[in-house]
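Here's the structure we're looking at; comments come further down.
Residue numbers begin at 1 in each chain, while the letters A, B, ... track the order of the sequences.
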Amino acid sequence: MVTSTTWLTDAWYVAGWDAEIDSAPLARTICGVPVVLYRKLDRSVVALRDACPHRLLPLSMGIREGDSLRCKYHGLKLGPDGVAEEMPLKTDPVNRRICTESFVVHERHRFVWIWIGDKAKADPALIPDLWPCSDPGWVFDGGYYHVGCDYRLMIDNLMDLTHETHVHSGSIGQPEILEAPIETRVDGAEVVVERWMPGIDAPPFWRAALGQPGLVDRWQICRFALPASVMIDVGVAPVEAGATLESHDQGVRGMVIDFMTPESETSHHYFWGMARNFALDDPGFTARFKRQQGGVFAEDKVILEAQQQAILANPDLKLSAYRIDEGGTRSRQAITRAIRAGQAEPALTPAT
Amino acid sequence: MVTSTTWLTDAWYVAGWDAEIDSAPLARTICGVPVVLYRKLDRSVVALRDACPHRLLPLSMGIREGDSLRCKYHGLKLGPDGVAEEMPLKTDPVNRRICTESFVVHERHRFVWIWIGDKAKADPALIPDLWPCSDPGWVFDGGYYHVGCDYRLMIDNLMDLTHETHVHSGSIGQPEILEAPIETRVDGAEVVVERWMPGIDAPPFWRAALGQPGLVDRWQICRFALPASVMIDVGVAPVEAGATLESHDQGVRGMVIDFMTPESETSHHYFWGMARNFALDDPGFTARFKRQQGGVFAEDKVILEAQQQAILANPDLKLSAYRIDEGGTRSRQAITRAIRAGQAEPALTPAT
Amino acid sequence: MVTSTTWLTDAWYVAGWDAEIDSAPLARTICGVPVVLYRKLDRSVVALRDACPHRLLPLSMGIREGDSLRCKYHGLKLGPDGVAEEMPLKTDPVNRRICTESFVVHERHRFVWIWIGDKAKADPALIPDLWPCSDPGWVFDGGYYHVGCDYRLMIDNLMDLTHETHVHSGSIGQPEILEAPIETRVDGAEVVVERWMPGIDAPPFWRAALGQPGLVDRWQICRFALPASVMIDVGVAPVEAGATLESHDQGVRGMVIDFMTPESETSHHYFWGMARNFALDDPGFTARFKRQQGGVFAEDKVILEAQQQAILANPDLKLSAYRIDEGGTRSRQAITRAIRAGQAEPALTPAT
């Protein structure tokens, strides 16, 4: 296991979308540890260290045999528990002390979760409660991106939507975002940043989703939870509906789901999706939205990777935090405290 | 600031050609420090650390607004002095202690000069006196190259023109260069290498420039000055004109101007040009000469970058210095002495 | 000289195939040392440190002049003994203390051998006796590959042919290899792994070579010798011929010759060939065999380079050795012992 001062290891991380992981082995480095993932015949997921215990060849290069994996180099066959089932020479007795590390996994909310740290602590109750991903009243879909920066830079990005005005000036940016007051608070184990924009013109995306003219109230509520999720409650409601920060199911509402899984100190896996409680029967909406989001995220990726390179090129400089960064700062503090405490905090339980 | 034992930081370096720097931000790493350069509306040049004081995104990715630069990430607006003028949230009061490092710049001799070190010592009188670049009796033009080697290897190259015979055997090389005696001397703060080739056939380039047949006297006088310039007085005169090393304005004369600005320990920015006191009204001459020089310099670049790689690949070996290297050796000694003394030497004042 | 705990320096390594080295200089890094190789007019081979003693430019970029090499940068001319013959300025007296390191070389068995370490110990009698490469009763040919892994991983690969079943399942693999018992033993300074497969169906390659139907006895005898050669005696004989492990010249027999020359800790030069005592007059056989072997080896290269990357990516894991790895393990032990003893072991003398 790779120790790190920038991420928590005793925690659940997203290893992949449910549909990404199938019978063919998938290689993915998580928290600095090479992992191979695949599904057994019963569709349950296996996660093993991606190195044969014999000569370390990546097991992801191996051949599936039933629920087992046979190494491509000398043919050592390992069961889904990582334990040897057949030696390279079939005539040799199997030494069942030969094994590769296996990891606890759990499927929930359309994601496969992995626990890289101490197995004894891997309680599924600690999985962030990303309820909109699996609630029947919502439709959820999204994508995966590899990003060449410290995962915490992405958390900063998501916990301060001010950047939309500048980075996404041609798409989802809106000057009102800069003018609306924000409130940052710690809500139990979560960090919450709230922005309420009352009586404004809805931007094109939300205007179309709402399907009616007139002024709206708009909200953005970002919730960070350990180890690395950000769930953003966004939407608009007609002013006459009387929505509030606390209760706003009157209009159209989306829940943007973001999960950042560290790969190395300077790269991470970014899982992104959006759940919505409108246009439920319109798969075209989902397709259009994913395509649009691809363009929007490409803008973030350029910024985030340039920022990472600038951090490396200016080792004498430090990141500063202003008022708008309070959400990111408090999220980082929560991570640092949890790393120091050596344990995960309770799971995210968003207000519904 | 990056400290280095190979370059002087309290010194003027060329940041760019005057025409390279315009209203759009230009990123260039100088003495290990990322710098962004641009011109204000009044055409004066601004040089700032290329990192937003907020989250370190390169400011060179930002947007010009009047004389200021707005960061592309969160919109922090910095004035040309590097001081904050507007916070990411326009409603926030401006904290003028927020600033990025700014550097002293000065325009002279067609170049923009930058002082990376202690501002208090940035006296424009210390700028090397590259007078032929701006003298009305001379025409001057040149180019820029990025070279993957320690800037001192380029100084060595320029202070010993022996290499022309081998590296440039197909272009400007001439066996007489090897046969002519050279004289190396220290002239105040300069290192001078002189070569006088009396009564020889002029090589094609100089034959054409002179425009008349007959034997010529040819000279090459290389002058190194701190921190990293080499000015080479070259030309030919008809033997009957009686030119001497000390006085040789009788024929055609060029001043090759070379300035090496360190980027990292193993790369530098090479600014090259040539001033001439003949064919003043022939822009075609300049164009042809720049094109030819591009080919000649490509030969040097291959050698210098291979030399740098060989130095890294043979860590147990050291550069040797023979008699021909005396110019380079003394130039390196001047750099080392100045670094130890912690200050720049007086500027170059070539004999005119 | 680069010291290493993974290779022996006082030893003969293959620098190149005889035909690879010609009058034009060839650059090759051997045991971490950049070397330039070329042939003199009398066809004898010169090996020098590939760095001019003057300014370290690779001599392999230089120009041949007779038996000497003139550096491309300043024209220092070095003789085949590495000693200066002409200074950059022809008028300067030659300083014969100026020299580049020269290495002892020896041609034998179609290869050029080099001794990087202490010259005083460079006894040609220590060159591995790869007799089939030059025996008149055998035909020998082969190729060269650059491989991005520690040379010892290739030794492991060759001393355990179990991998053929998995890595080469589409070409030379045969299940009988896994079923046949192997015997590993130390024979003087050699490590020997023997596999005897009596009364089997010959695989297609050997069936064609033998040119007759019926069951065969098949053998594979791998011999490792210091510093890094593996010679593999392979072939089949009709069962009725009564071949044995000790004596098996009744059928068709090949000697696979492998030599691994370290380049760096994570890369090596792989020289491969095969000698045969059949189809001696069929150059088409050689051509077909080399083409086929190119495909087979491409499969190994993918595995070996992935294994090297996995070793680097899993620094907390170690290679394990099972029964099939005894040949590789004992070969590595011989290397380690020889490095500790600071000297080469006696040369390989295969049973003929």
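In this structure, L319(C) and L56(A) approach most closely via the heavy-atom pair CD2-CG, 3.8 Å. Here the closest non-hydrogen pair linking A306(C) and P58(A) is O-CD, 3.9 Å.
Put simply, the side chain of T162(C) never gets that close to the backbone of H74(A): no donor and acceptor are under 3.5 Å apart. Between the K72(A) side chain and the H166(C) main chain, a donor and an acceptor come within less than 3.5 Å of each other.
Listed by first and then second residue, the side-chain hydrogen bond (donor to acceptor under 3.5 Å, both in side chains) pairs involving residues 303-312 of chain C are K301(C)-E305(C) (not counting sequence neighbours).
Most heavy-atom pairs under 4.5 Å with chain A: of the set P181(C), S320(C), A321(C), A310(C), this distinction falls to S320(C).
No more than 12 heavy atoms of other residues, nucleotides or ligands shown are found within 6.0 angstrom of NZ on K90(A). Atom CD of E20(A) is surrounded by more than 12 heavy atoms from other residues, nucleotides or ligands within 6.0 Å.
With sequence neighbours excluded, the residues satisfying salt bridge (charged side-chain N to carboxylate O under 4.0 Å, His left out) with E194(C) are R185(C). Under the salt bridge (charged side-chain N to carboxylate O under 4.0 Å, His left out) criterion, D325(C) pairs with no residue at all, not counting sequence neighbours.
Interface remark: I98(A) contributes side-chain atoms only to the contact with chain C (heavy atom separation under 4.5 Å). Only the side chain of L304(C) comes within contact range of chain A, judged by heavy atoms closer than 4.5 Å.
Annotation: residues 76-83 of chain A contacts chain C through L76(A) [non-hydrogen atoms, separation under 4.5 Å].
By the 4.0 Å N-to-carboxylate-O rule, R55(A) lies too far from D160(C) to be salt-bridged with it.
Side-chain contact between V302(C) and M61(A) is present, with heavy atoms from C-beta onward closer than 4.5 Å.
Within the model, atoms CD1 of I324(C) and CG of D92(A) stand 8.0 Å from one another, a figure rounded to the nearest 0.5 Å.
In this structure, Y322(C) and H54(A) have parallel ring planes: the angle between them is below the 30° cut-off, well short of the 60° mark.
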